[in-house]
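This report refers to the structure that appears directly beneath it.
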Amino acid sequence: MARKVFNAPAYVKPCVVDVAQKLLRPTNWVFLDGKAHVDYRKGLNGLFTRQALGTYLPGQEEVYYQYFEKFLKISQEEHKGQPTPFMPHFRELMCAVSCRTFVGHYISEEAVKKIADDYYLITAALELVNFPIILPFTKTWYGKKASDMVLDEFSKCAAKSKVRMAAGGSVTCILDGWVKSMIESENYRQKIAKGISVDDAGKPDVVLREFTDFEISQTLFTFLFASQDATSSASTWLFQLMADRPEILDRLREENLSLRNGDRSVPLSMDLLENMKFTRAVVKETLRYRPPVLMVPYLVKKDFPITDTYTIPKGAYACPA
Ligand code: HEM
C-alpha cells in the first residue's frame with residue numbers, strides 16, 4: 001500500500017504545512033508537477049549516482065577530520081576529560097558535512113556555523129500546528145528569516161560555482177556537478193544553433209535548461225532541509241545504540257580497521273564503504289529499528305482506486321507510515 005502511494009504522482013502530491021511553501025518558496029521544485037518538475041529531476045538524478053557520490057567523499061572526510069580534532073581539543077584541553085555535552089557539536093558537524101557536500105568551499109565556515117545555529121528556527125517554524133500567516137516575532141517569522149539567510153548564502157555559492165566551472169574547474173560538490181551539466185548542455189545547444197549535426201555536437205546524457213542562482217539555491221535548500229533532520233535523527237540513534245552496545249561498536253571498529261589493513265589514514269572510497277558489510281548492516285538495522293521519517297503525508301488530487309474494493313476520495317490524506 002505504501003509503495004502504491006509513493007509511486008502514484010498522478011493521484012497524490014506531498015502535503016506539507018502551509019508555512020513550508022513560504023519557507024522553501026512556492027516555486028520550489030518539490031512543489032512542481034509535470035514537465036517543470038521533470039526538468040529539475042533529470043538534472044539532479046546524476047548527482048546521486050555511485051560515481052558522483054564517490055567524488056564528494058574527500059570533502060566530507062576533510063570535514064570529519066576537522067571536527068574530530070576539535071572534539072579532541074574540547075575534551076582534552078577545555079573539559080580536561082570531564083563529561084562534556086557533545087550533541088550541539090555533533091549537530092554542527094552534520095550541518096557542515098551537508099553544506100560541504102552541497103556547496104563545497106563556496107561557503108565560509110562562519111556561514112556554516114550560522115546555518116547550523118539558525119536551523120533550529122526553521123524546524124520550529126514547521127511545527128504541525130501553526131498560524132497560516134507570518135506575524136512578526138513569531139516562530140514562523142524567525143523561521144522565514146533563517147530560510148532567507150540560507151537561500152541568500154546558497155545563491156552566492158551558485159554564482160561562484162558558475163564562474164569557476166565556466167573556467168574549467170573540477171567537480172568538488174553537488175552544486176559543481178549540476179552547474180557543469182548546465183554548461184555542457186548550453187555548449188551543445190550553441191553547437192546545434194550553429195548548424196553542427198547532432199552526432200558531431202556531442203550530445204550530453206541529459207540536456208538541461210539554465211537554472212538561475214535563486215532556482216539552484218532553492219533546490220539546495222531542499223537538500224539541506226531533507227538531509228538535516230533525517231540524518232541527524234539517524235546519527236543520534238546510531239550513536240545511542242552503539243553506546244548501549246559496546247560489543248557491536250567494537251565489531252564496527254574492527255571491520256573498519258581491517259578493511260584498511262590496520263592503517264587509519266586510508267581515505268574513504270565507495271569500494272571501501274561497500275565492503276563494510278557489518279557496518280552497513282548496523283546502519284540499515286538502525287534505520288529499520290528507529291526510522292527517521294515516520295510518515296510521509298500525501299494529499300489525494302483525484303479519486304485514487306488503491307485496491308479493487310476501495311477508492312481513496314479526492315481531498316483525503318494518504319499517509320504511508
Ligand atoms: C537517513 C537519511 C534519510 C532518510 C531516512 C530520508 C527519507 C526520505 C523519505 C521517506 C522521503 C519521502 C519519499 C517520498 O515521498 O516518496 C524523502 C524525500 C526526499 N529526500 Fe530524503 N531521506 C534521507 C536523507 C536525504 C538526504 C541526505 C537528501 C539530500 C542530499 C535527501 C533528499 C530528499 C529529497 C530531495 C526528497 C524529495 C524527493 C521528491 O520530492 O521527489 N534525503 N526522504
Side-chain angles (χ1 to χ4, degrees), residues 1-17 20-21 23-50 52-57 59-60 63 90-91 93-104 115 119 123 126 150 154 157 173-178 211 215-241 273 279-280 282-301 304 317-321:
M1 284 283 180
R3 279 184 190 281
K4 270 193 177 171
V5 176
F6 283 137
N7 293 325
Y11 291 106
V12 296
K13 63 173 184 179
C15 178
V16 288
V17 283
Q21 294 226 9
L23 265 54
L24 293 169
R25 303 302 171 88
T27 48
N28 199 300
W29 76 291
V30 288
F31 303 127
L32 302 178
D33 268 335
K35 182 177 178 305
H37 188 263
V38 173
D39 273 355
Y40 275 89
R41 170 63 83 168
K42 69 178 178 189
L44 301 180
N45 287 347
L47 307 174
F48 294 93
T49 58
R50 182 185 189 279
L53 293 177
T55 61
Y56 315 137
L57 283 175
Q60 294 178 325
V63 178
F90 292 166
R91 198 171 171 282
L93 164 64
M94 301 311 309
C95 188
V97 174
S98 290
C99 287
R100 182 71 183 80
T101 311
F102 304 151
V103 298
I115 293 177
Y119 205 86
T123 311
L126 290 164
V150 177
F154 285 171
C157 294
C173 60
I174 283 188
L175 170 59
D176 283 345
W178 195 13
F211 290 87
E215 283 176 328
I216 295 174
S217 166
Q218 287 177 57
T219 307
L220 296 172
F221 186 34
T222 65
F223 293 169
L224 185 71
F225 182 81
S227 68
Q228 206 50 27
D229 286 359
T231 316
S232 299
S233 165
S235 316
T236 307
W237 274 112
L238 190 59
F239 188 79
Q240 183 64 49
L241 293 169
L273 283 174
T279 309
R280 292 171 71 84
V282 170
V283 172
K284 284 191 173 170
E285 176 60 2
T286 305
L287 291 174
R288 185 200 66 82
Y289 182 54
R290 291 289 182 256
V293 184
L294 294 179
M295 49 185 164
V296 191
Y298 280 95
L299 186 62
V300 178
K301 295 193 283 192
F304 180 9
Y317 293 109
C319 195

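Whatever order the structure lists them in is the order used to number ligands and atoms, beginning at 1.
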Item to check | Region of Trp29 engaging ligand 1 - heavy atom pairs below 4.0 Å | outcome: side chain
Checklist entry - Any donor and acceptor pair, going by atom type alone, linking the side chain of Ser233 with main-chain N or O of Asp229 inside 3.5 Å? => result no
Checklist entry - Which residue supplies the protein heavy atom nearest to atom 5 (C) of ligand 1, what is that atom called, and how far is it? => result Pro292 CG, 3.8 Å
Next on the checklist: Give me the nearest non-hydrogen protein atom to atom 13 (C) of ligand 1 as residue plus atom name, then the distance to 0.1 Å.
Outcome noted: Phe6 CE2, 4.1 Å
Checklist outcome for this item: Smallest heavy-atom separation, Ala321 atom then Met295 atom, equals CB-CB, 3.8 Å
Next on the checklist: Please list the nearest protein heavy atom to atom 40 (O) of ligand 1 with its residue and the distance rounded to 0.1 Å.
Outcome noted: Val30 CG1, 4.0 Å
Checklist entry - So, for Phe154 and Ile115, which heavy atoms are closest and what is the spacing to 0.1 Å? => result CE2-CD1, 4.3 Å
Next on the checklist: With the threshold set strictly below 4.0 angstrom, can you tell me whether any protein non-hydrogen atom sits that near atom 36 (C) of ligand 1?
Outcome noted: no
Item to check | Protein residue, atom and distance nearest to atom 10 (C) of ligand 1, heavy-atom basis | outcome: Val293 CG1, 3.7 Å
Next on the checklist: With heavy-atom distances below 4.0 Å as the criterion, list the atoms of ligand 1 near Phe102.
Outcome noted: 30 (C)
Checklist entry - Quick one: does atom 27 (C) of ligand 1 have a protein heavy atom under 4.0 Å from it? => result yes
Next on the checklist: Which option wins on minimum heavy-atom distance to atom 34 (C) of ligand 1: Ala234, Ser233, Ala226?
Outcome noted: Ala226
Checklist outcome for this item: min-distance protein heavy atom vs atom 11 (C) of ligand 1 -> Val296 CG2, 4.9 Å
Next on the checklist: Tell me the closest heavy-atom pair linking Gln60 and Thr101, and the distance in Å.
Outcome noted: NE2-OG1, 2.9 Å
Item to check | Identity and separation of the nearest protein heavy atom to atom 14 (C) of ligand 1 | outcome: Tyr298 OH, 3.1 Å
Item to check | Minimal non-hydrogen separation, Leu273 against Arg280, with atom names | outcome: O-CD, 3.4 Å
Checklist entry - In the protein, what heavy atom is nearest to atom 41 (O) of ligand 1, and what distance, to one decimal place, separates them? => result Arg41 NH2, 2.5 Å
Checklist outcome for this item: Paired with Thr219, the side chain to side chain contact (heavy atoms under 4.5 Å, CB included) test is passed by just one of Ile174, Leu175, Leu44, namely Leu44
Checklist outcome for this item: On a heavy-atom basis, the closest approach of Pro14 and Tyr298 is N-CD2, 3.5 Å
Checklist entry - Starting from atom 22 (N) of ligand 1, which protein heavy atom do you reach first, and at what distance in Å? => result Ala230 CB, 4.2 Å
Next on the checklist: Main chain of Gln228, side chain of Thr231: is a donor-acceptor contact present, judged purely on distance under 3.5 Å?
Outcome noted: no
Checklist entry - Is the closest N or O pair between Ser227 and ligand 1 shorter than 3.5 Å? => result no
Next on the checklist: Which label fits Trp178 and Phe211: parallel for a plane angle under 30°, tilted from 30 to 60°, or perpendicular past 60°?
Outcome noted: tilted
